[in-house]
Every structure is written in structure tokens, then in C-alpha cells.
Visitor: 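This is the structure I have questions about; it appears just below.
Letters go in sequence order (proteins before strands), and every chain restarts at 1.
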2 protein chains.
Amino acid sequence: MTSKSTMREVASKAGVSIATVSRVINSPDEVPTETVERVRAAMRYLNYRPNINGRRLKMAQTRSVGVLVPTMANPVFATSVQGIEQAAHEDGLTVLLTSSNYDPQRELGAVSTLLNNRVDGLILTLANADDNPVIDLLKAENIPFVLLFNQPARKDVASISVDNARSAYDMTQAMIAQGHRSLAMVAGRFESSDRSKQRFEGFGKALSDAGLGAARLCQVGFGETELFTPLKSFLTGPDAVTGLVCSTDMLAIAAMSACREHGLSVPGDVSVGGIDGIAVGGLISPKLCSAVQPTQEMGQQALAFLRGLIRGQTNPQSLILPHQLSTGESIGPARHPSSPRL
Amino acid sequence: MTSKSTMREVASKAGVSIATVSRVINSPDEVPTETVERVRAAMRYLNYRPNINGRRLKMAQTRSVGVLVPTMANPVFATSVQGIEQAAHEDGLTVLLTSSNYDPQRELGAVSTLLNNRVDGLILTLANADDNPVIDLLKAENIPFVLLFNQPARKDVASISVDNARSAYDMTQAMIAQGHRSLAMVAGRFESSDRSKQRFEGFGKALSDAGLGAARLCQVGFGETELFTPLKSFLTGPDAVTGLVCSTDMLAIAAMSACREHGLSVPGDVSVGGIDGIAVGGLISPKLCSAVQPTQEMGQQALAFLRGLIRGQTNPQSLILPHQLSTGESIGPARHPSSPRL
DNA sequence: CTGAAAGCGCTAACAC
DNA sequence: GTGTTAGCGCTTTCAG
């Protein structure tokens with residue numbers, strides 16, 4: 001027996017009008033207790049289930065939010081979605097989930113679908129937050145949205161992130177402080193992640209501030225965990241590095257694995273640092289040293305921001321959270337420190 | 001300028017009726033190319049965006065599916081959701097996401113919300129698939145659904161899972177084959193996960209089949225990663241075990257961490273095995289030995305099943321996938337093998 | 001305190 | 001080919 005019963009049926013069963021049923025649902029205090037009870041009894045009897053789509057059509061708001069992340073396969077995003085979902089649940093909001101698979105092409109389509117659903121607002125992690133048609137669209141249509149993890153240059157969009165360049169800078173500096181002079185960054189493709197780009201810039205700045213040469217980069221596809229080959233030229237031969245700064249923790253864990261495959265120990269032969277602070281990083285051996293961000297809380301916070309925007313708050317807030325360098329064991333003194341340049 | 005334009009406006013702009021606009025959207029071939037173009041131009045001009053909720057109200061189907069998982073914070077579920085999302089995207093379906101946080105109490109509420117949204121069907125990972133009010137509800141209302149990871153006793157519900165007992169059995173047997181005689185299982189609370197329970201049963205059976213004593217259990221809360229204290233009595237003292245079979249990979253990784261904190265090496269002092277096959281398990285050192293299931297594919301498959309049910313297929317399929325014991329390094333010969341019982 | 005009535009945006013007969 | 005029309009289930013004035 002499919003739940004087909006409508007408000008009309010409940011009304012007739014309870015001997016009232018549909019308006020009263022609606023009131024019982026939405027503002028029970030405007031209806032005498034006795035009537036409320038009668039209507040509720042009818043609802044129970046008929047197994048009534050309000051059709052939210054009816055309400056959505058009528059009302060200005062749908063009480064739903066759209067979420068777009070690159071992929072759930074990376075714990076960073078999954079954890080943030082958990083935070084969003086939790087906060088949404090507390091707020092009685094429905095979450096529509098989409099993922100772009102790191103493909104900027106798919107972002108617009110996904111957001112478009114979300115907008116067709118008339119979501120009240122969006123939380124997005126975009127490939128590139130600057131110069132992105134999605135943002136133009138959202139701005140043009142005046143749809144509330146907040147960026148998560150993206151750290152856009154423009155200040156008229158709400159966003160929650162860490163200071164990406166800075167987190168890479170700090171991580172790099174920590175390695176330099178341990179005597180490392182020959183470093184490389186392992187990063188995802190910049191087209192797929194502006195965080196990657198910003199982090200690489202921080203890496204480069206830390207190097208140049210320390211008077212160390214050009215920034216070396218090992219760029220890999222996202223979701224890639226097989227780093228043996230990509231890292232070969234960085235880990236072996238005359239130009240071998242002693243430290244790897246990775247743009248994400250997943251990459252860092254994969255890099256540690258690749259080091260081992262090359263017969264190198266971490267941090268004995270090469271130090272590895274990550275950025276993100278995924279939970280598993282703290283459980284492995286050696287414990288991953290990472291620039292930690294409170295991923296789940298950021299998701300919750302993003303929803304709180306979004307709620308504000310939906311409620312009409314006009315000036316979008318940008319929150320740059322402090323990251324925290326975790327005390328990891330994956331970083332140690334450089335094995336063959338070249339003589340200091342100064 | 002909010003996207004307010006409706007079909008009616010498009011129609012008048014294009015000089016046709018709303019029926020024609022609807023046709024252009026849903027079956028363009030029934031409309032002369034020239035008219036299609038004119039209407040499309042009007043849509044572009046007005047920045048028209050179909051309101052899916054209008055359609056939903058009218059049509060029997062909403063082209064949306066509901067998903068309920070315990071949490072996105074565990075990569076097993078996150079990865080499966082990624083699979084679901086991907087398949088849904090290919091099918092043009094919208095995903096409504098909820099999570100129960102392992103709380104059976106919250107399951108019913110979440111599903112209820114999903115049903116109020118009139119989703120066409122559901123994919124669920126429940127705390128307990130047998131004797132669950134959610135299933136009764138869904139059955140009573142005749143809503144298509146498929147269970148993911150749950151392995152229910154009843155055969156009238158669709159499900160996709162591995163053989164949970166068997167996967168634990170095999171893992172345990174692998175340890176026994178390495179000479180382990182003193183084992184314990186680390187598992188989440190049974191009320192929160194029937195998989196845990198089934199896996200513990202498989203563990204117990206393997207022990208008794210090998211003539212080894214009672215099954216020892218270290219039960220912990222889900223999401224718990226601090227296992228130093230819970231495992232203390234299992235790792236130290238006269239009753240110390242030489243192997244830990246863990247009901248999930250996350251638990252296994254946490255257990256490995258706890259072993260180290262106790263000054264024990266894995267697998268030198270104690271062997272650790274997991275179940276699930278999360279990606280990170282293959283990247284850490286020692287590589288986690290796990291009973292691997294193809295998580296993401298299972299998500300996709302679940303959506304394929306669901307689609308079948310939605311299309312009217314009446315007999316729910318249950319798929320028990322083969323698990324695969326990964327060649328992990330986290331399991332080795334028992335340190336102090338007690339003399340064989342035979 | 002309660003009901004009648006007018007839609008929200010869309011689809012689908014059913015006419016023309 | 002195309003338009004008219006009657007709702008889908010709900011909320012919400014506006015009267016009574």
C-alpha cells in the first residue's frame with residue numbers, strides 16, 4: 001500500500017478543511033488542541049506523509065542545500081560533507097549531493113542540476129575559484145553559496161579555508177629547519193585544484209626566502225596513488241631530494257609508500273609532509289606530519305555561513321582558519337645536509 | 001536577477017503555448033526544428049531554468065534517490081557514496097544524502113525525511129538489517145530500496161554485500177595458518193553494526209573449527225581511533241594475544257597504532273588484519289592485510305539494482321560478492337607459537 | 001477559529 | 001503541430 005494519502009483525504013477523514021490540516025502541520029498552536037488531535041489521528045490512520053514537493057512549489061524556499069565536492073573518495077571532502085550533513089540535519093535541511101570528479105567541465109552541469117532543484121543555497125569545492133563560470137552564474141542569479149577549501153582572490157564571495165600558501169610555506173620551512181636543502185613538491189594538477197597551485201606557491205616562497213633554488217614539482221593526477229614512477233627521478237640519481245612536501249595528505253601517504261618501494265625509509269632517507277590533516281594520517285607509522293585543518297568543523301561552519309546568506313545576510317564572510325602543523329614523525333633531519341648556503 | 005522566469009513567460013516570449021515549451025523540453029522531436037529553436041532562444045534569453053519541483057508534483061517519479069549511511073567519516077561508506085553518486089549522475093538522478101551517525105534511532109527519522117521528499121528509491125546501510133522498523137516501513141509502503149553492506153537474513157530485500165562471516169573466517173584462518181593460537185577480535189558495537197556481529201561470528205567459527213578456545217572480543221565505539229586503553233589487556237600481560245582480527249580496516253589501522261604505542265611491532269609482535277579494503281590500507285606500512293571488497297563498485301551496483309526495482313522489477317536481488325584477502329604485510333608468523341594442539 | 005479559493009510550475013490528455 | 005485545460009499537493013490570504 002503505497003503512501004498515497006493526501007492532505008485532502010486527511011481533511012475529510014478528520015472532518016475539517018485542508019487549510020486546517022496545513023495549520024496543524026505548520027503552526028499547531030493556532031489550532032485548538034482538540035482539533036489538532038483529531039487531525040493527527042486522521043494522519044496516523046491514513047499513514048499520511050506530507051509531500052514536500054507540494055510545499056516547495058508553493059513556497060519561496062525549499063529547505064534544501066546543494067553540495068558539490070570533487071570526490072568522496074578523498075577523506076578530506078568526505079569528512080567535510082559529514083560536517084555539512086550533520087549541521088543540515090540539525091537545521092532540518094535536506095542535502096543534495098553531487099561530485100565533479102575533479103573535472104571543471106562537470107561543475108557547471110552539477111550546479112545547474114542543483115539550481116533546477118531550487119536549492120536555497122550551495123556549498124562548493126571548485127577546481128578553480130577564480131575565474132569560474134559557476135561563480136559568475138551564481139552571482140548573476142543571486143543564489144547564496146559558500147566555497148569550502150577554496151581560497152578565492154575576490155572578496156565578494158563567502159569562503160572557508162585555511163591559508164593554502166601559508167600552510168605549504170610553514171611545512172616547507174619546518175623541513176628546511178631540519179636541514180633539508182633539496183626539496184620537491186608533490187601536487188595535483190593545478191587545473192583540477194587551485195589549492196594545489198596556491199600551496200605550490202607557498203612552497204616556492206619558502207624556498208626562495210631560504211635562498212634555496214628553484215621549486216621542483218612532481219605533478220600527478222588526482223586520485224592517483226601509484227607514485228613509484230612519477231617520483232623516480234626525484235628519489236633516485238644525483239638530483240635526489242631529501243624531502244617531499246605534498247599538497248595533500250593522500251598524496252603524502254602515497255608518496256611515503258613510493259619511497260618505501262624505492263627502498264628509502266621515511267624519515268630516515270627522505271622526509272614527507274602533507275597538508276589537510278585527514279584522520280588516518282595520525283594513525284599510521286611514521287605518523288604523518290601535516291598542516292592540519294579542522295575538516296569536519298569547516299563543513300559545519302560552511303553550512304552556518306550559508307544559512308546566514310540564505311536568511312538575507314548580504315556581505316559574504318570569508319573565514320581563513322589557522323592551520324596547525326601536527327607533530328608528525330614523517331619528518332626528520334636531512335640525511336646528507338649540504339653545507340649551509342650562508 | 002534571480003531566475004524567476006517560468007514556462008509561461010518562455011511560451012509568450014516565443015509565441016507558443018506552454019504545452020509546446022514542455023514538449024521542447026521533454027520530447028523535442030515531436031516539435032518542428034524551427035519551433036524548437038525559437039523556444040530555445042526564448043529560454044536562453046529569459047535565462048529559463050525548469051523548476052524540477054513542478055514536474056515532481058505532477059509526475060509519479062521524482063528522479064531522485066535517497067542515501068543513508070552511518071557516516072561519511074569512514075572511507076568505506078564515503079567511497080560507496082562516491083560510487084552511488086557517479087552512477088546516479090550517469091542516470092540523471094539526484095542524490096539526497098543523509099547519515100545516521102551509527103545511531104539506529106536516527107535511521108527512521110532520516111528515511112522518513114527522504115520519503116517526504118518522495119524519492120523514487122533508497123540505498124541504505126543500516127545498523128541492523130534484521131528486525132529493523134525502517135525495513136518494515138519501506139516494505140509496507142512498497143518503496144524500492146537496496147541495502148548496501150548489510151547482509152540480511154531475509155531474502156525478500158535487495159542487498160549488496162560480501163559474506164561478512166566468511167570474510168572474518170578467512171582472515172582468522174589466515175592468521176591461524178601462520179601459527180597464531182591466541183587471537184582476539186576488535187569490533188564496533190553490535191547494536192551499531194550487524195556487520196560487526198556477523199564478522200565476530202565468523203571469527204568465532206574459525207577459532208572453534210581450529211579447536212582454539214573461546215573467541216575474545218574487544219568492543220569499541222564507532223569512530224573510535226584511540227585504542228591504546230581498550231587494547232591494553234589484550235596486548236599485555238599473561239593473556240596477551242599474538243593476532244588481532246579487526247572488523248573494519250579503520251579499526252585495524254587504529255589497532256596497529258595502538259600496538260605501536262604499547263611498544264609492540266606489527267607483524268613482529270602482533271599480527272593485525274582488517275576487513276573492508278579501504279584504499280589507504282594498501283599505502284601504509286606495513287601494508288594492511290584486509291578482506292577487500294570493491295566498495296565503489298558496490299555503490300554503483302546498488303544504484304543499478306535500485307533502478308531495476310524502480311522500473312518495476314519485483315524480485316529483489318541479493319548479491320554476495322566475493323571478498324579477496326589482500327597480500328598484506330601486517331600479518332606474519334606468530335611470535336611465540338604455542339605447541340600445536342594436535 | 002475555520003473554510004473557500006487561488007495559485008506555485010509543470011505535464012498530459014484531449015481537442016482542434 | 002499546437003493549444004486548452006485540468007490538476008499534482010501544498011500554503012495562504014481573505015472572508016466568515
Visitor: Rounded to the Å, how far apart are Arg63(B) CZ and dT11(C) C1'?
Guide: 15 Å

Visitor: Below the 4.0 Å mark, does dC1(C) have OP1 or OP2 next to a side-chain nitrogen or oxygen of Thr35(A)?
Guide: no

Visitor: Calculate the interatomic distance between Asn26(A) atom CG and dG9(D) atom P; express it in whole Å.
Guide: 17 Å

Visitor: Round to a whole Å and report the spacing from CD of Gln61(B) to P of dA12(C).
Guide: 12 Å

Visitor: I'd like a list of close polar pairs between nucleotides 5-9 of chain C and the protein, N/O only, cut-off under 3.5 Å.
Guide:
{"from": "dG7(C)", "atom 1": "N2", "to": "Lys58(A)", "atom 2": "NZ", "distance (Å)": "3.1"}
{"from": "dG7(C)", "atom 1": "N3", "to": "Lys58(A)", "atom 2": "NZ", "distance (Å)": "3.1"}
{"from": "dC8(C)", "atom 1": "O2", "to": "Lys58(A)", "atom 2": "N", "distance (Å)": "3.4"}
{"from": "dG9(C)", "atom 1": "N2", "to": "Gly54(B)", "atom 2": "O", "distance (Å)": "3.1"}

Visitor: When we call it a touch if two heavy atoms are under 4.0 Å apart, what does Val21(B) touch: a base, just sugar-phosphate, or nothing?
Guide: nothing

Visitor: Indicate yes or no for a side-chain donor-acceptor contact from Gln86(A) to the backbone of Gln300(A) under 3.5 Å, with no hydrogens or angles considered.
Guide: no

Visitor: I'd like to know if Arg307(A) and Asp120(A) make a salt bridge, using a cut-off of under 4.0 Å between side-chain N and carboxylate O.
Guide: no

Visitor: Using atom CZ of Arg56(B) as one end and atom P of dC10(D) as the other, report the distance to the nearest whole Å.
Guide: 16 Å

Visitor: Asn116(A) CG to dC10(C) C1': how many Å, rounded?
Guide: 13 Å

Visitor: Can a donor-acceptor pair be found, under 3.5 Å and without considering hydrogens, that links the side chain of Ser318(B) to the backbone of Ile160(B)?
Guide: no

Visitor: Below 4.0 angstrom from OP1 or OP2 of dC10(D), is there any side-chain N or O of Ser22(A)?
Guide: no

Visitor: Less than 3.5 Å apart, any donor N or O on the side chain of Asn150(B) or Arg195(B) sitting next to an acceptor on the other?
Guide: yes

Visitor: Classify the ring geometry of Tyr102(B) against Phe222(B): parallel below 30°, tilted from 30° to 60°, perpendicular beyond 60°.
Guide: parallel

Visitor: Rounded to whole angstroms, how far apart are CD1 on Ile25(A) and P on dG9(D)?
Guide: 13 Å

Visitor: Would you say the side-chain atoms of Thr62(B) pair up with the backbone N or O of Arg118(B), donor to acceptor, closer than 3.5 Å?
Guide: yes

Visitor: May I ask you to verify if any side-chain N or O of Thr20(A) is less than 4.0 angstrom from the OP1 or OP2 atom of dG3(C)?
Guide: yes

